[in-house]
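Proteins get letters first, then strands, A, B, ... in listed order; numbering begins at 1 in each.
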Amino acid sequence: MSMIKRSSLIAIVVITAALVGFAYFTSGDLGNFGITLLSGLFGGMLLFLVASGMSIVFGLMDVLNLAQGSFFMVGAYLAYDVQHPGGIFQIDAAIPDPNVRFIVAIIVAVIGGAILGVILERGLLRPLYARPVFQLVLTFGVALVFLEIIKFVWSTTPYSWTEVFGVREGFFTLFEQRFSSYRLFVVFIGFLLIFAIWFLLQRTRIGIIIRAGVEDSAMVEALGINVRAVFTLVFTLGCAVAAFGGAIAAPFLGASPGMANAYLLGSIAAVVLGGMGSYAGTAIASLLVGLASAVVAAYSTQFLNQPVWTSLTPMLLLVLVLLVRPSGLFGEKR
Amino acid sequence: MTTQTSITTQIGKQAQNPLRTMWLPILVLLFLIAFPYIVGALTGSSPMGVPRGDRMIMRGESVRWQAVFIELFVLAILTMSYNLLFGFTGVVSFGHALFFGLGGYIMGLALEYTGLNTGTAILVGAVVGILVCGVLGIVMGLVTLRLRGVYFAIFTLAVSELFFIYFSRLALTKAEDGFAITELPTWFDPSQNRLTYYYIALALFALTYVLIRRLVNSPTGAVFKAIRENEDRAQSLGYNTLTYKLLALFVAGTLASAAGMVHVILNKKVGPEVLSSAYTIDPLLMTIIGGIGTFTGPVIGSTGLHLLDTVLREATITVGGTTIDIANIWSLLLGVIFIVVVLVFPQGVVGTLMRWRNTPRKRTEGMVKGKQVEQT
């Protein structure tokens, strides 16, 4: 990730400028423009939380985890359940303060995601390292099982977040337009995590092992390092981060069975656009995909009256990237 | 080396008297031809339905089971086409519903939106649908099959989701509600003359089975299997593997679209659910559970799972005082069975049985390693 090619940099700058410029000239006033930008960053950060784990796991273990979006969904449902009265976790009597309960909700979601991640890697993927095709197919099956369990436990009706708490309700006014401070909060958390994971990868011993494993995991193993343990750790962290993403997205997006697929495809688009296995690429590409979705959403609802394009954007981007430059912004030529 | 032996044994089998090797499929075919009459005789209902005035009312056990079996043929064709890709050529697609649904949509559009008379519309719909799906398969393959790894799987997943969402919102085809197929030629109409339609679906099913068997046992099929085992080796032997993969994709796409057409005409309705991931998941699960890379596996997988689904639809189980409808947890059960099969019996039902029959002594050893057995 230290070798950022000049052409990639130019491409990133041009795409960002084009998106921002398009948003600016079609939005009319600065207030709408700001909303588009903020919602783009918000969506991009959520995508990053799903895509980062997917990308590092792919780089390290050559497993494309098609269940990654499901962890996002599971995180959202767990957080919703903890926060709201009358679910599996009935703790609203024990912890009356909704702010504290939200923190508990996030912790429960992260722990839930981590436990499921360990089970998936240790129990289901580990026996299949000799058969990579079956790993891919298995994660697809696991995504189905997660979805069906969610539908069985919480029914198919989408939940929308009703509980009021501190950050969720705040607003600030800029350019005569009200902005939700929760979105800003999520963007802030996202940047924090981008930095935290970067720090983990670049400045710690375990990070060195992970980066070496991405280059050549057999060589790392030959050096006497227990690569399998690192696999489990990274996979679990990736799942926990995705569940965390679901938990902090839930106050805004609610919880619905459709989340898993939407975020799976969005983050696949980000991972491929960034170049598979490249952390920096994934971070930048997540923001670009989020921004593109927001710009398309703003434009299509305002001018085309065709909101369908919003949900199509990640897929169209993915198809476009695979057509034009399948190695992505930072990937090696394949 | 294992590829070589499998090719020679397959060719050796083919040279024998077809009655000796094909007795089971032929027996099954005879049973399926007689099936509506057998059910009719057992339950005392007419396989034609009940006449009322100059129309036939589709009522009675025989007619009901015909519908179940037509749906079964649809799933079996879809699963066999998926197996051709995944099982024999080693190409993983997560977008098979795209071909299925697009075939259905094109047939529906031809019948309802072109204003042609119904007979011509069916012909036009079939030809256009099959061509579009075949060409689409080739185009998708050209874009991503040159890249190794997961790109093709990702691409198919994205494109099928793209079409699903687009058709879910498309006002022309009545978005999420879908549109009904109102008029069909009387002899072809499954709600007028289901017995004929049953035999058409059966013929298509039998043709698909024979086609895939012939194709895979041909020299072309040997290259398919070589690609599955080791693409680099196949390439270094001088085969243009991309062309072969595109051929497999073309055949699989056309067969899946034909299955979609049979499906929408049976239900007389076209909606976005034919493009939904259910029609990707079903053939994938049925292929792996039945036995990947075998001829009978997909048929047995889809038969078993579809019949279980039909029978268990009204059943309930009681766990600790709460009653659960099987229909609600059917997909969950399928998913769990799928995971268990992938982990413990990667050869599926047919593959595992074949291995037990072929190498009884090495059974335990092979099971522990869980490796692919290529002798079958």
Engaged part of Asn261(A) at the chain B interface, taking heavy atoms whose separation is under 4.5 Å: side chain
For a quick check under 3.5 Å, do Glu121(A) and Thr232(A) share a side-chain donor-acceptor pair by atom type? yes
From Leu273(A) CG over to Ile284(A) CD1, what is the distance, rounded to the nearest 0.5 angstrom? 9.5 Å
Region of Leu136(A) in contact with chain B, defined by heavy-atom distances below 4.5 Å: both
Chain B heavy atoms under 4.5 Å from Val142(A): which part of the residue, side chain, backbone, both or neither? both
With only heavy atoms counted, which part of Thr144(B) is less than 4.5 Å from chain A, the side chain, the backbone, both or neither? side chain
Is Val145(A) in contact with chain B via its backbone, its side chain, both, or neither, using a 4.5 Å heavy-atom distance? both
For Phe152(A), I'd like to know if atom CZ has over 12 heavy atoms of other residues, nucleotides or ligands within 6.0 Å. no
Under 4.5 Å from any heavy atom of chain B - which part of Ile149(A): both
Can you tell which of Phe94(B), Phe338(B), Phe86(B) has the highest number of heavy-atom pairs within less than 4.5 Å of chain A? Phe94(B)
Quick one: do Lys245(B) and Glu231(B) make a salt bridge, cutoff under 4.0 Å? yes
Show, in sequence, the C-alpha distance, side-chain angles and deciding distance for Ser81(B) and His96(B), and conclude whether the side chain to side chain donor-acceptor pair (under 3.5 Å) test is met. CA-CA 9 Å; Ser81(B) 74; His96(B) 221 54; 2.9 Å; yes
Looking at Val159(B), Leu284(B), Val336(B), which has the largest count of heavy-atom pairs under 4.5 Å with chain A? Leu284(B)
Measure the spacing between CG of Leu333(B) and CD of Glu148(A) and express it to the nearest 0.5 Å. 10.0 Å
Best-contacting candidate, Leu334(B), Val92(B), Ile339(B), against chain A by heavy atom pairs under 4.5 angstrom: Ile339(B)
Between Tyr105(B) and Phe163(B), is a ring pair (Phe, Tyr, Trp, His ring centres under 6.0 Å) present by the stated rule, with each step listed? CA-CA 11 Å; Tyr105(B) 259 100; Phe163(B) 273 79; 9.6 Å; no
Distance, nearest 0.5 Å, that separates CG of Asp282(B) from OG of Ser302(B): 10.0 Å
By a 4.5 Å heavy-atom criterion (distance strictly below it), what part of Leu170(B) contacts chain A: side chain, backbone, both, or neither? neither
Under 4.5 Å heavy-atom distance to chain A, tell me which part of Ile165(B) shows up: side chain, backbone, both or neither. both
For Val341(B), run the side-chain contact (heavy atoms from CB on, under 4.5 Å) check against Ile292(B), Val349(B), Ile289(B), Thr352(B) and tell me which one passes. Ile289(B)
Relative to chain B, which segment of Leu124(A) carries a heavy atom at a distance below 4.5 Å: side chain, backbone, both, or neither? both
Options Leu265(A), Leu323(A), Leu316(A), ranked by heavy-atom pairs under 4.5 Å with chain B, top entry: Leu265(A)
Using non-hydrogen atoms and a 4.5 Å limit, figure out which bit of Phe155(B) sits close to chain A: side chain, backbone, both or neither. both
With a 4.5 angstrom heavy-atom cut-off, which part of Leu322(A) approaches chain B: side chain, backbone, both or neither? both
Would you please test Tyr263(A) and Phe72(A) for ring pair (Phe, Tyr, Trp, His ring centres under 6.0 Å) and show each step? CA-CA 8 Å; Tyr263(A) 276 82; Phe72(A) 186 84; 4.1 Å; yes
